[in-house]
Amino acid sequence: MQSPETEVLRLLSFALFLAIWWIAALLVGGAKLPSPPAVLQVMIAEAASGALFLHLGATLARVALAFTLAMSVGSAIGYLMGRIKLADRLGDPWLILLLNLPALVVIVLAYIWAGLTEAAAIAAIAINKLPTAIVTLREGTRALDRSLDEMASVFAMPRWRAFRHVVLPQLAPYIAASARSGLSLVWKIVLVAELLGRPNGVGFEIGVAFQLFDTPRLLAYSLTFAAVVLVIETLLVQPFEARANRWRPRAA
Amino acid sequence: MRLEVDITGKTFRSAAGGTHEVLAPVKFALQSGEVGVLIGPSGCGKSTMLRIILGLDRDFAGHVARPPEARIGMVFQEPRLLPWRSVEQNVRLAAPDVADAKLAELFRILELEAHRDHYPGELSLGLARRVALARAFAVEPDILVLDEPLASLDDALAGRLRDEIATLVASRPVMTLLVTHSLDDAVRLGDRLFFLSPRPARIVAEVPIGIPRDTRGEAEIAAIKASLAQRTQGDRTERDAS
C-alpha cells in the first residue's frame with residue numbers, strides 16, 4: 001500500500017485544488033463559477049431527491065455494459081489478429097477505419113440506424129472503445145514468447161491449461177492497460193451518447209444544465225461523476241494492474 | 001517402444017532469400033531403455049534435429065516415427081520456466097498427475113526444497129536448470145530429451161545430476177536422447193554415441209558402448225574415451241591425407 005507521506009501529499013493537493021476554486025469563485029462571482037459550498041448544496045439536494053443516484057446509476061450501467069462488450073469482443077479479435085496472419089490482413093483496414101472514425105459520427109449514425117434506444121447507445125459506446133482494445137491485444141499477442149508455446153506443446157499441455165497458465169499471464173498486462181485506457185475513453189463517450197439520445201444519465205443532466213446555464217447543477221453532476229470514476233480506478237483497475245504484474249521483479 | 005528418425009533433409013530459407021542446408025540425411029533409431037547421445041560442434045543443427053524429432057518443426061523432408069502415446073519430458077537449453085508461476089506450480093503444470101511423495105523426492109534430490117514457492121526470476125541459472133530437470137522427470141516420461149542439461153553447472157552438481165539422470169533412466173523403460181558437447185557426459189551416460197559433422201549435420205560415426213552403465217568404472221570410462229580420441233585422431237589424419 002502507499003506510504004502515509006503520499007497520502008498526506010494527495011490530501012494537500014486536493015486542498016490546494018479546492019482553495020484555487022474557491023478564490024476563483026470569489027473573483028469571478030456567482031453565476032459563472034459557483035463556490036464549493038454552493039455546488040455541495042446542489043449535490044445534497046439532488047442526492048436527497050434520489051435523482052443523483054438514478055442518473056449516476058443509469059450512466060454506470062451503460063459504462064459497465066459497453067465496457068464489458070468492447071473488452072471481450074476486442075480482446076478476442078485482437079488475439080486472433082495477433083495469432084493468425086490472414087485475420088490480421090483482413091481486419092487491418094477495418095481497424096484503421098474504426099480507429100479514425102470520430103466518436104460523434106458513430107453515435108449519431110447508431111441513433112439514426114437503430115433509433116434512440118438503449119441498445120444503440122451501448123453499441124455506439126462499445127464500438128468507440130473496440131479498436132483500441134483490438135490494437136493493444138494484438139500487440140500483446142505478437143509479443144507472446146514462442147519458446148514457452150513450444151514448452152507447452154512438448155509437455156502436451158491441454159489447450160485450455162496452456163492458454164490459462166502460459167498465454168493469459170503474458171497478456172494480462174496488455175489487458176490491464178487496455179482496460180485502463182478503455183475505461184477513461186468510455187467515461188468520456190458515454191456522456192456524449194447520453195446527451196444526444198437518452199432521457200436519463202449524467203450526460204442527459206449536463207445537457208439540461210447547459211440549456212439552463214445552470215452551472216452549480218452542471219458542476220454538481222460532473223464532479224460527482226469524476227469522484228465515482230476516481231474511486232473505481234483506485235479500487236478496481238489499479239489492484240488488477242498490480243496483480244497482473246505481481247510476478248515481475250520489483251523496480252528499485 | 002521405439003523411436004525411428006529418418007530425416008532426408010532440412011533446408012532453411014534465410015531472410016535474404018537464400019536457402020541453407022541445415023541437415024543432411026540423418027537416420028537412426030532408439031529402443032526403450034537406451035540412451036542415445038548426439039555429439040557435435042555447436043551450430044551444427046542439433047537443436048533443429050531435436051525440434052523435428054519432438055514434432056515442433058514439421059517443415060522437413062523425411063519421416064520420424066514416434067510412439068503416439070509417448071509422454072515426453074524435455075530439458076531445453078534455456079530453462080523455459082513460466083516466470084509468473086512458482087517453482088512448484090511450474091512442475092505441477094507440466095505433470096499434473098505427479099504424486100506429492102514423488103515430487104518431494106525430486107525436490108530433495110535436486111535440492112530445490114527451499115525454493116518451492118519462489119518465482120523463476122528469483123533463481124540463479126543453475127537453480128532454474130534444476131527446476132527444468134525436475135519438471136522433465138516429474139512427467140515420468142517415455143521419451144526424455146535433454147538439450148545440454150548440465151551446461152553452466154559446477155562440476156560437483158553436474159556430477160550429481162548426471163547420476164540422477166542415470167538412476168532415472170535405469171528405473172523406468174525410458175528412451176533418452178541427450179545432446180551435449182561434453183565427451184565425458186556422453187561416455188558416462190550414453191549407450192550409443194552419434195558423432196555429428198558440422199553443418200549440414202550428418203552422422204559421421206555411430207559408436208555403441210558395450211559395457212552396461214552401472215558397471216562402467218572410472219577405468220572403463222577412461223579407456224572408452226582414449227579409444228574415441230584415437231578414432232577421431234585417425235579420422236583427422238585420414239582427412240588430412242586425402
Side-chain angles (χ1 to χ4, degrees), chain A residues 75 78-79 82-86 88-89 136-137 139-180 237-252, chain B residues 47-48 50-58 66-98 117-123 128 131-147 177:
Chain A
S75 299
Y79 182 70
R83 280 276 190 197
I84 303 165
K85 213 167 235 173
L86 181 70
D88 190 34
R89 295 215 178 111
T136 315
L137 262 291
E139 280 319 305
T141 308
R142 281 177 181 165
L144 286 175
D145 188 343
R146 291 280 168 90
S147 71
L148 291 180
D149 278 352
E150 288 184 358
M151 185 278 293
S153 139
V154 165
F155 282 99
M157 278 194 199
R159 201 169 274 224
W160 168 244
R161 198 192 313 157
F163 184 74
R164 197 177 141 208
H165 297 282
V166 180
V167 173
L168 216 50
Q170 296 182 68
L171 293 182
Y174 291 88
I175 296 174
S178 154
R180 168 170 262 211
V237 180
Q238 284 176 12
F240 174 65
E241 251 189 330
R243 209 183 130 75
N245 290 306
R246 160 184 63 143
W247 55 273
R248 284 175 205 277
R250 310 251 182 291
Chain B
S47 292
T48 310
L50 281 189
R51 289 170 51 81
I52 290 174
I53 294 170
L54 291 168
L56 293 173
D57 186 345
R58 292 175 207 282
R66 191 157 36 97
E69 292 301 298
R71 265 188 302 202
I72 299 176
M74 165 105 196
V75 176
F76 294 89
Q77 242 174 60
E78 342 72 78
R80 297 202 190 180
L81 304 171
L82 303 173
W84 40 84
R85 293 287 183 266
S86 70
V87 164
E88 179 168 348
Q89 286 171 323
N90 261 286
V91 175
R92 282 192 188 273
L93 281 170
D97 302 327
V98 69
D117 298 326
H118 286 174
Y119 285 88
E122 301 166 324
L123 304 178
V131 178
L133 276 166
R135 179 174 62 185
F137 289 1
V139 301
E140 310 211 313
D142 302 305
I143 301 178
L144 180 65
V145 180
L146 307 166
D147 194 354
L177 200 54

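Sequence lines set the chain letters: A, B, ... in the order given, protein chains first and strands last, and positions in each chain run from 1. No experiment lies behind these values; they were computed from the predicted model shown.
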* Contacting moiety of A:M157, where chain B heavy atoms sit under 4.5 Å ->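 Only the side chain of A:M157 comes within 4.5 Å of chain B.
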* chain A contact via B:I72 - side chain, backbone, both or neither, heavy atoms under 4.5 Å -> both
* To do: Measure distances from B:L93 to the heavy atoms of chain A and classify the residue's part below 4.5 Å as side chain, backbone, both or neither.
  =>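 Both backbone and side chain of B:L93 come within 4.5 Å of chain A.
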* **Side chain to side chain, A:M151 and B:L82, heavy atoms closer than 4.5 Å** => yes
* To do: Specify the closest pair of heavy atoms between B:L81 and A:L148, including all atoms of both residues, with the distance to one decimal.
  => O-CD2, 3.7 Å
Check: every donor-acceptor pair under 3.5 Å linking chain A and chain B:
residue	atom	partner	partner atom	Å
A:S147	O	B:R80	NH1	3.2
A:E150	OE1	B:R51	NH1	3.0
A:E150	OE1	B:R80	NH1	2.9
A:E150	OE2	B:R51	NH1	2.3
A:E150	OE2	B:R51	NH2	3.4
A:R161	NH1	B:L93	O	2.6
A:H165	O	B:W84	NE1	2.6
A:H165	ND1	B:R85	NE	3.0
A:H165	ND1	B:R85	NH2	3.1

* Only counting residues at least two apart or in another chain, list the ones meeting ring pair (Phe, Tyr, Trp, His ring centres under 6.0 Å) with A:F155. => none
